[in-house]
Amino acid sequence: MATPESEPVRTNFIEDIINDDLRTGKWDGRVITRFPPEPNGYLHIGHAKSICLNFGLALQYQDRATEARCHLRFDDTNPTKEEQEYIDSIKEDVRWLGFDWGRHEYYASDYFEQLYEWAVQLIRDGLAYVCDLDAEGIRQHRGTLTSPGRNSPHRDRGIEENLALFERMKAGEFPDGSRTLRAKIDMASPNLNLRDPVMYRILHATHPRTGDAWCIYPMYDFTHGQSDSIERITHSICTLEFENHRPLYDWFCEALKIYHPQQIEFARLNLTYTVMSKRRLLELVRGGYVGGWNDPRLPTIGGMRRRGYTPEAIRHFCRRIGVNKFDSTIDVALLEYCVREDLNRRAPRVMAVLRPLKVVITNYPEGQVEHLEAVNNPEDPAMGTRQVPFTRELYIEQDDFREEPPPKFHRLSPGREVRLRYAYFITCQEVVKDAAGQVVEVRCTYDPATRGGDAPDGRKVKATLHWVAAEHAQDAEVRLYDHLFSKPDPDEMDADKPDANWLANLNPASLEVLSGCKIEPTWREARGPDWPDGIARVQFERHGYFCVDRDSSSAKPVFNRTVTLRDSWAKIEKSQSPGKR
RNA sequence: UGGCCCGUGGUGCAAUUGGUAGCACGCCUGACUCUGGAUCAGGAAGUUCUAGGUUCGAGUCCUAGCGGGCCAGCCA
């Protein structure tokens, strides 16, 4: 049987290019890609798309290529924004996703010396010059989208003067922002990136890796292509916004006469009900709208890991969304489908009552305890069974009882018989209410002949409820997560408040913390095969998939809801509610 | 008003490179079921952005238009 991981997926336009190249021998049969994050933030599902693409390609062409691998390269050219902490978390995330860069861990900063020499080479060739304009001056000379720029007054400086000035920039003789090294291309180019782009800027800042060795730092455009070149990358895959930079990428490689990889752009990932930009993610964290970078509601890799998503599910998702050259927004339901699909096969089943309602089995002997066999995972008999204690007093879900059942509700209600999973049929005989009229207890009788869950006389029940023995129950905290935003597109504003911004669309119910939840005491015995990442995941029957949060203690476990089960009753209920449909 | 890139069911992708569209998610039915889960079967849903053109034949090629994205950081 084909696993989701191995299922064939149609080739995308990037694979078409690679296949062509392999056929024509363009790169001597090599396929070398790279994932080049800037260590200035945490990775999110959008990065996962790129990671899966780049590392996936290397894996995929292992047999067909003479050499196939993917490098991990940190694009660390801006010390004012980058930190070691980000480097560490990025490595952790890529590893967790299941990819291995082997010894191919690189840093653009490792190439600073070479980059400097190349800059000098360009000056010697008359293709670069030191410009004394400040940021404002450069901007004023740049022109606009529709009008050409003007040459810098320093554009025609002599080579020797440029060399001396650049040397002095490097030596730290000038303050930040006072001068730049620029490529001499074309101030009239319709592509603004070609209007004498800055190659080096002065930044007296301590770099996480090179410390204070440099006070001039190369710009992205003067770094990325050359880094690719040094590493002999064949296909340099990046997102669409770099399309306009490709001519510059090519220009530098050609001007320098160095190995010239091919840049290919693809569309970044967008998901419904969430935001993906670093800026917005940062705002959510800084503003306290979420608990931190690994808040389970965030689309960050750390958040998803804590939410209980598996690397397998994320990889499968990334394979299924495809790769293209135009913006699109994927329905988060597909992501959720992928997690369910994976967890359904792997997660042991456990009974957990989230909102307890006490049930007393009036004809069941007081003090008696029976141990009933429960299946750990109906999808995988190899996961075995366990013995769950059953007693006179139990908890069932509040939602599983209705004093006045609506149409199509076939759970417990007065006079009705249902099955307690793996246990007995019970019939509701009496309802106990508090002073406020709230149902606080349901008194039932059980049929001893239905032990195990089947009636010898063949009679059927319409519902099977999960339950937990009251005295034996493990108390737990359960965190119910839902979409972070209440609209598929967080930017869509309600007509009555057109001036609001995306934050107004935060879903007030994105997190609900439940305490006093009752978990079946044998839940730990239900564990299936070990989870490679050490995060325990279970299915709470009829609820969804949950993972054990790091806030857990042995006295009180804490569970995070990864995703709910598909819930057809919820749909019926929703369609019954007035105002709907 | 400039340049570049891009338009296929609600959403995301396919279509053997010119032979009148197929898959998945979602949605709706039904079957089965000790999870209202899973599974299985079926259904609704597309003027392939529009208009011309080439061709026996166009989602694929050409032209124009319309729509969307990106670009005026000493960010990446």
Side-chain angles (χ1 to χ4, degrees), chain A residues 9-12 16 36-38 40 75-78 80-82 108 131 133-136 138-139 142-149 176-182 189-195 197-203 216-217 219-221 223-224 238-247 265 267 272 278 320-338 340-341 344-345 349 351 374-375 378-379 408-411 419-423 425 452-454 460-466 488 539-544 564-573:
Chain A
V9 172
R10 304 166 185 75
T11 63
N12 57 53
D16 291 343
E38 181 190 11
N40 71 341
D75 232 323
D76 55 348
T77 57
N78 186 354
T80 65
K81 293 186 175 173
E82 297 149 6
C131 180
L133 254 25
D134 60 9
E136 176 62 16
I138 287 184
R139 191 166 60 78
R142 185 155 31 223
T144 69
L145 294 178
T146 51
S147 62
D176 287 1
S178 59
R179 276 172 232 260
T180 57
L181 181 72
R182 297 225 256 163
S189 172
N191 182 339
L192 305 226
N193 293 126
L194 262 23
R195 316 243 261 229
V198 171
M199 294 161 58
Y200 269 92
R201 75 285 219 187
I202 301 171
L203 243 36
I216 55 172
Y217 290 92
M219 298 287 289
Y220 166 85
D221 286 309
T223 304
H224 202 89
C238 60
T239 43
L240 251 28
E241 66 270 28
F242 292 100
E243 227 158 8
N244 295 326
H245 292 248
R246 181 159 23 100
E265 310 85 15
T272 54
K278 266 181 192 173
R320 297 180 59 143
I321 58 178
V323 182
N324 237 324
K325 284 182 74 80
F326 47 88
D327 290 303
S328 59
T329 302
I330 278 102
D331 192 337
V332 74
L334 179 61
L335 213 208
E336 294 170 347
Y337 171 84
C338 289
R340 286 193 193 102
E341 187 184 42
N344 177 47
R345 297 196 325 260
R349 315 287 135 120
M351 292 195 286
V375 174
E379 302 291 321
K408 292 185 182 169
F409 178 90
H410 14 111
R411 279 111 95 145
R419 170 169 39 232
L420 292 182
R421 183 149 226 227
Y422 302 125
F425 284 13
D454 282 307
K460 302 286 184 195
V461 287
K462 296 190 89 172
T464 300
L465 312 186
H466 60 274
Q539 181 197 102
F540 286 164
E541 296 219 26
R542 306 208 298 137
H543 281 299
T564 61
L565 249 26
R566 283 176 65 219
D567 187 348
S568 48
W569 166 243
K571 275 183 198 168
I572 295 169
E573 204 176 22

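Every chain is numbered from 1 and lettered A, B, ... according to where its sequence line falls, protein lines coming before strand lines.
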Strand RNA chain B in bracket notation, Watson-Crick/G-U under 3.5 Å with | for pairs to another chain | .((((((..((((.....[..)))).(((((.......))))).....(((((..]....))))))))))).....
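- Contact of the Arg349(A) side chain with the Val375(A) side chain is not registered, since no non-hydrogen atoms from C-beta on lie closer than 4.5 Å.
- Heavy atoms of Leu203(A) sit nowhere under 4.0 angstrom from any nucleic acid atom.
- Within the nucleic acid shown, Leu133(A) comes within 4.0 Å of at least one base atom, counting heavy atoms only.
- Among the protein residues, Met351(A) comes within range of no part of the nucleic acid, since none of its heavy atoms lies under 4.0 Å from any strand.
- Contact annotation: Arg542(A) side-chain N/O to rG36(B) OP1/OP2 distance is under 4.0 Å.
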For each nucleotide in nucleotides 39-46 of chain B, reading 5' to 3', give B when a protein heavy atom comes within less than 4.0 Å of its base, S when such contact involves only the sugar-phosphate, and - otherwise.
-> --------
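- Note: CZ (Phe242(A)) to P (rC75(B)) measures 14 Å, nearest angstrom.
- Shown here, rG57(B) is classed anti by the O4'-C1'-N9-C4 or O4'-C1'-N1-C2 angle, which is more than 90° from 0.
- Gln539(A) comes within 4.0 angstrom of a base, heavy atoms only.
- For Phe540(A), the ring-ring contact (aromatic ring centres under 6.0 Å, His included) partners are Phe546(A), Phe559(A), not counting sequence neighbours.
- No engagement by Asp221(A) is indicated, since no non-hydrogen atom pair under 4.0 Å with the nucleic acid exists.
- Asn78(A) has its side chain within reach of Glu38(A): a pair of non-hydrogen atoms, C-beta onward, lies under 4.5 Å apart.
- With its glycosidic angle more than 90° from 0, rU48(B) is assigned anti.
- In this structure, Thr77(A) reaches the sugar-phosphate backbone alone: every heavy-atom distance under 4.0 Å involves primed, P, OP1 or OP2 atoms, never a base.
- Protein atom OH of Tyr220(A) is 14 Å distant from nucleotide atom C1' of rC70(B), rounded to whole Å.
- Residue contacts for Pro378(A): at a heavy-atom cut-off of 4.0 Å it reaches a base atom on one of the strands shown.
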Scan nucleotides 60-62 of chain B against the protein and return all N/O pairs shorter than 3.5 Å with their distances rounded to 0.1 Å.
none

Base-contact (B) and sugar-phosphate-only (S) positions in nucleotides 4-13 of chain B, heavy-atom cut-off under 4.0 Å, - elsewhere = BSSSS--SSS
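- One interatomic measurement links the two molecules: CD of Glu341(A) to C1' of rG37(B), which rounds to 14 Å at whole-angstrom precision.
- Residues that satisfy the side chain to side chain donor-acceptor pair (under 3.5 Å) test with Arg340(A), not counting sequence neighbours, are absent from this structure.
- Residue Phe425(A) is out of contact with every strand shown, counting any heavy-atom pair closer than 4.0 Å.
- Spacing between atom CZ of Arg139(A) and atom P of rC71(B) amounts to 17 Å, rounded to whole angstrom units.
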